[in-house]
Structures are given as structure tokens and as C-alpha cells.
Chemist: 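Structure below; questions to follow.
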Amino acid sequence: MSPASLPARIVLHVDLDYFYAQCEENLNPALRGKPVVVCVYSGRTGDSGAVSTCNYQARSYGVKAGIQIVRARKLLEAADATFIPMNRPHYEEISTRIMDILEPFGNAFEKAGIDEAYLELTSSINGDFEKAEQIAHEIKQTILKQEQITCTIGVAPNKLLAKIASDYNKPNGLTVIRPEDVKAFLGELQVNRIPGVGSKTEQRLHQLKVERVDQLARLDLSVLQKAFGSNVGNCLYLAARGEDEEPVKGREQPTQVSRIATLKKDTHEISEILPLLEELASSATLKLTQRAMTCKTVSIIAILGDLSIHSKSKTLESPTSEERIIAQASKDLIAQFLKSAQSALVRRVGVKLSGLSNRSGQTDISRFIDQ
DNA sequence: CCCTCGATCAC
DNA sequence: CCTCATATCGAGGG
């Protein structure tokens, strides 16, 4: 700790292991020890769709999130594997209970997804990483005892490093990065271990002869900003040094609601698209009203036969949560898209509602304006 | 500064 | 023949 400074921050990142698949193992304990694959079936043919997540037995056969179910079947044909359709509401329920366990452990708490959260411990333990490690063990025990779910925890001086730490040794792991170890720990890692560096950014970094974080740390800020834009460039520059000041903060309400689905067959006939589009608009609107919110902007997303992604959006004159308005806007947008991209074969369609705000109190200002 | 759209990420 | 949901950024137009 530098003299006359505040105690080092201590942040935990808790990541629930292979979460959906672990929930399914608990629902049916006979599955434990065998490959379990949780799937999103698209409904086109029997096994069309993708793998959402799978347990580690399945991973040992090369199965992972995102691959086609058909491919997972082939990889696992010699194994006694179970394929299960995703049951999101059930996982949400388990997640909520676990988040309720986690929250009291920190001075601040941030849910960062259905299966991950950050906890700020700084002010409660005065920079003591030993204590933080004990608390991490206690958290793991509590979640295991109360929900039979294992997790992996990263303990570090900020959110960025805590996330990298939890990613380092899964499942059922615990990794601590102390301030004095940051440079050595980070330098050795491949750049794709930095959150936000996916395959595209990784490729572009490789073109700059950068593969590991210590190599990234040798690039000037200006070089990174020129290559990746001022914001991303700056983030990469700081990340390479393990620097991150983002506070652990309760998340605001989500700022968008979206629904997407796959058509039975590719088509350019609007009449074959509208029924599904209306369902999606209805479902998204339901979610919106359940949250007691309104939206200002309606978008449609079209994914074509070649998997290219297109979108069209429209900002309304006034915020709404009325299904008829949202459905009509969606129809107008898809019609507009089909006209612009004639002969486009649509594979999937989606509806997105954004520009959300709380509907509390100030319902419909138009009542006071017109008249 | 707002809107639209595509891209990217990560789930 | 490749799911679903969300957030964020940057470019380009106005």
C-alpha cells in the first residue's frame, strides 16, 4: 500500500459454474457425472438449434456454448449424454436466490448477468486480502449448502482483474490477485483473456504483433486509439496495466427488451413473417408492461439465409407501452425492410424495444396537452 | 445532440 | 443451416 493512500480496493467476481447445466443436474441428480447439454431448439427440425451451455463432462468431448446441437450429438454419440431444452424461468429463480445470498457479503453488490456478480469488500476489511479470501470460501460454502451450486471466485483490486481472476481456474475455483502480483499475473496472459477482447479484436491485435498482455502494454495509447478508436483504445491501454476504476454499482433497470425467433422456413413473403412478428411484438410488450415501462423506439431485426444481420428502427412521437402501436410499428418496419432488400430470404426475425423509461405516475402526458 | 444502422462482445 | 438477449461503440446523416 502506498503511503498516505486509501487501503487497496478489494473486489470479488463470483461466477456460477456451467450454470444452466448445473441447475439441470440438481433437478435430476441421476445426470451427474454424465455429459449434460442445455439446448436452444429453434423448432425448424428436430435437432436444429444451438448449445446454450453444457457441463464439463460434455466439454471434454469438445462441446461448448454456441455450437450446433447436431454437432454436439455427433461429438457425444459414443457417450451417454443428455440433451435438455433450456428452461430459463427456472434458472432465473435459482439465480435470484443465490444473488440474495451474495448481496449481504459486500459493501456494494452488482449483478452482472444471470450467473455472475461483483462484490466490493474494500471498506469492510481494510485492504486485507487474507480476509477477502476467507470470505470467498465462506461464500462458496454457503451457496453450495443452500443451493447445491458450485461457483468460481476471483479476488482482486478491481472489477477487471476480479473477472480475469475468476476466469483463470474453473470450475469450483478461487484465484486471488494481490496488488503486488498484478503485473506478473497479467503479462503472461493471452490478450483474449481481457474482457471485451473477442475474436475480432484479437485478430486485429495479432496483426499488430500482439499476442500477450505484456506485449499489449508496450503499445502507446495513441497507437491503440488510432487502431481501435479513442474509447476501446483507452480501455485496452488501461486493461494491459490492470487498471480499472469502475465502481461496483447496482445496475439500473435494463434499457432494452428484445425478442427474436426463427421462421419455419426462409421466406421473403411478408405474409409468412407477420404472424411470428406479432407474437414477438406481443411478448416483448408484455415484458415491457411487467416492468411498468414505456419505449420510445421500436426496431426490427432480420437475419437472412446467409446469416447476415439487418435492422430497422423508428422512434415514436411519444413513449408507449401499447401493443397495437408497437405491433404496427414492427409491421411497418419489416415491410420497409423487405422493400429495400428485395428478394432477401429471411431466416429469423426479432423485435427490440429501446429508449425505455419508467411509467410511474406520469402516464400519458398527451391527455393534458390536446383538449 | 439526436437518430439510424452495423459491428462486436458475451451469454 | 448457426439460439437468445443485452449493452456498447462508432460512423454517418441531419
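In the text below, chain A, chain B and the rest are named by the order of the sequence lines, each starting its count at 1.
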Chemist: Do any N or O atoms of the protein come closer than 3.5 Å to N or O atoms of nucleotides 7-11 of chain B, and which pairs are they?
Modeler:
{"from": "B:dC9", "atom 1": "OP1", "to": "A:G198", "atom 2": "N", "distance (Å)": "3.1"}
{"from": "B:dC9", "atom 1": "OP1", "to": "A:T201", "atom 2": "N", "distance (Å)": "2.9"}
{"from": "B:dC9", "atom 1": "OP1", "to": "A:T201", "atom 2": "OG1", "distance (Å)": "2.6"}
{"from": "B:dC9", "atom 1": "OP2", "to": "A:K200", "atom 2": "N", "distance (Å)": "3.2"}
{"from": "B:dA10", "atom 1": "OP1", "to": "A:G196", "atom 2": "N", "distance (Å)": "2.5"}
{"from": "B:dC11", "atom 1": "OP1", "to": "A:K163", "atom 2": "NZ", "distance (Å)": "3.3"}

Chemist: Roughly, in whole Å, what's the span from CG in A:L307 to C1' in C:dT3?
Modeler: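 These atoms are roughly 12 Å apart.
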Chemist: Which nucleotide, if any, forms a Watson-Crick or G-U wobble pair with B:dA7, using both distances under 3.5 Å?
Modeler: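 WC or wobble partner is C:dT8.
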Chemist: Ion pair present between A:K170 and A:D17, side-chain N to carboxylate O less than 4.0 angstrom?
Modeler: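 Salt bridge flag = no for A:D17 with A:K170.
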Chemist: Reading DNA chain C from 5' onward, which residue's closest nucleotide shows up sooner: A:G49 or A:K352?
Modeler: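 Its nucleotide being nearer the 5' end, the pick is A:G49.
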Chemist: Counting only side-chain N and O atoms of A:S48, is one of them less than 4.0 Å from OP1 or OP2 of C:dC1?
Modeler: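 For C:dC1, OP1/OP2 do not have a side-chain N/O of A:S48 under 4.0 Å.
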Chemist: Between P on B:dT4 and CD1 on A:I300, what's the gap in Å once rounded to a whole number?
Modeler: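 Taking atom P of B:dT4 as the reference, CD1 of A:I300 is at 13 Å.
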Chemist: Quick one: look up who C:dC1 pairs with, Watson-Crick or G-U, both distances under 3.5 Å, and put none if it's unpaired.
Modeler: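 No nucleotide pairs with C:dC1.
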Chemist: Are A:D266 and A:R44 ion-paired here, with the side-chain N under 4.0 Å from a carboxylate O?
Modeler: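 Judged by the 4.0 Å cut-off on N to carboxylate O distance, A:D266 and A:R44 do form a salt bridge.
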Chemist: Could you list by number each residue of residues 219-232 of chain A showing a heavy-atom separation from DNA chain B of less than 4.0 Å, or answer none if no residue does?
Modeler: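 Correct list: empty, so none.
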Chemist: Is A:R241 close enough and on-axis enough to A:Y237, meaning under 6.0 Å and within 45°, for cation-pi?
Modeler: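 Yes, a cation-pi geometry holds between A:R241 and A:Y237.
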Chemist: Looking at A:R71, I'd like to know whether one of its side-chain N or O atoms comes within less than 4.0 Å of OP1 or OP2 on C:dC2.
Modeler: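 No, outside the criterion.
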Chemist: Looking at A:K163, is its backbone amide N or carbonyl O close enough to the side chain of A:S166 to form a donor-acceptor pair, meaning the two atoms are under 3.5 Å apart?
Modeler: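 Yes, A:S166 side chain to A:K163 backbone: donor-acceptor pair under 3.5 Å.
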Chemist: Is there a side-chain contact between A:T315 and the phosphate of B:dT4, meaning an N or O under 4.0 Å from OP1 or OP2?
Modeler: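 Checking A:T315 against B:dT4: at least one side-chain N or O falls below 4.0 Å of OP1 or OP2.
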Chemist: Do the side chain of A:R291 and the main chain of A:K287 share a donor and acceptor less than 3.5 angstrom apart?
Modeler: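 No.
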Chemist: Below the 4.0 Å mark, does B:dC5 have OP1 or OP2 next to a side-chain nitrogen or oxygen of A:S311?
Modeler: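 So the side chain of A:S311 is outside the cut-off, no N or O lying under 4.0 Å from OP1 or OP2 of B:dC5.
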Chemist: Check this one for me: any side-chain N or O of A:R259 less than 4.0 Å away from OP1 or OP2 of C:dC4?
Modeler: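 For C:dC4, OP1/OP2 do not have a side-chain N/O of A:R259 under 4.0 Å.
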Chemist: It should be established whether A:T255 places a side-chain nitrogen or oxygen under 4.0 Å from OP1 or OP2 of nucleotide C:dA7.
Modeler: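 Yes.
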Chemist: OP1 or OP2 of C:dT3 versus the side-chain N and O atoms of A:T53: is any pair under 4.0 Å?
Modeler: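 No, because none of the side-chain N or O atoms of A:T53 sits under 4.0 Å from OP1 or OP2 of C:dT3.
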Chemist: Quickly work out the A:Q256 CD to C:dC9 C1' distance and round it to whole Å.
Modeler: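 Nearest whole value for this atom pair: 13 Å.
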Chemist: Across all strands shown, which nucleotide pairs with B:dC2 by Watson-Crick or G-U wobble geometry, both distances under 3.5 Å?
Modeler: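 WC or wobble partner is C:dG13.
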Chemist: Whole angstroms only, please: what is the CD1-P distance between A:I69 and C:dC4?
Modeler: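 Taking CD1 of A:I69 and P of C:dC4, I get 10 Å after rounding.
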Chemist: Taking the P atom of each, how far is C:dA5 from B:dT8, in whole Å?
Modeler: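 Nearest-Å result for C:dA5 against B:dT8 at atom P: 22 Å.
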Chemist: Charged N to carboxylate O below 4.0 Å: is that the case for A:E103 and A:K111?
Modeler: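 Not counted as a salt bridge, because no side-chain N and carboxylate O are separated by less than 4.0 Å.
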Chemist: Between A:R178 and A:E130, is there a side-chain N and carboxylate O pair less than 4.0 Å apart?
Modeler: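 Yes, charged N to carboxylate O under 4.0 Å.
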Chemist: Measure from the side-chain heavy atoms of A:K296 and tell me the nearest of C:dC4, B:dC3, B:dC5.
Modeler: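 Closest nucleotide to the A:K296 side chain: B:dC3.
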Chemist: Touch check for A:V70, heavy atoms < 4.0 angstrom, all strands: base, sugar-phosphate only, or nothing?
Modeler: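 Counting heavy atoms under 4.0 Å across all strands, no contact is made by A:V70.
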Chemist: So, is A:K312 near the phosphate of B:dT4, with a side-chain N or O under 4.0 Å from OP1 or OP2?
Modeler: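 For B:dT4, OP1/OP2 do not have a side-chain N/O of A:K312 under 4.0 Å.
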Chemist: Any side-chain N or O of A:R44 under 4.0 Å from OP1/OP2 of C:dT3?
Modeler: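 A:R44 to C:dT3 OP1/OP2: no side-chain N or O under 4.0 Å.
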Chemist: A:E317 has an atom CD; how far is it from atom C1' of B:dC3, in whole Å?
Modeler: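 About 14 Å, once rounded to whole Å.
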Chemist: Identify whether the distance between the nearest side-chain nitrogen and carboxylate oxygen of A:R97 and A:E147 falls below 4.0 Å.
Modeler: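 Looking at A:E147 together with A:R97, the answer is yes, because their closest N to O distance falls below 4.0 Å.
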Chemist: Figure out the CD/P separation between A:Q253 and C:dA5, and round it to whole Å.
Modeler: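 These atoms are roughly 19 Å apart.
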Chemist: Within the side chain of A:K140, is there an N or O that forms a donor-acceptor pair under 3.5 Å with the backbone of A:G173?
Modeler: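 Yes, the answer is positive, given that a donor and an acceptor are paired below the 3.5 Å cut-off.
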Chemist: Can you classify the ring geometry of A:Y168 versus A:F185 as parallel (below 30°), tilted (30 to 60°) or perpendicular (above 60°)?
Modeler: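 Aromatic pair A:Y168/A:F185 classed tilted.
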Chemist: On the ring face of A:Y118, is A:K159 found with NZ or CZ under 6.0 Å from the centre and within 45° of the axis?
Modeler: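 The answer is yes, since A:K159 meets both limits relative to A:Y118.
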Chemist: Quick one: A:E92 CD to C:dC4 P, roughly how many Å, whole number?
Modeler: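 Result: 16 Å.
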Chemist: Would you tell me if any nitrogen or oxygen in the side chain of A:R88 comes within less than 4.0 Å of OP1 or OP2 on C:dT3?
Modeler: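 No, outside the criterion.
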Chemist: Over how many whole Å does the gap from A:L276 atom CG to C:dC4 atom P extend?
Modeler: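 Taking CG of A:L276 and P of C:dC4, I get 10 Å after rounding.
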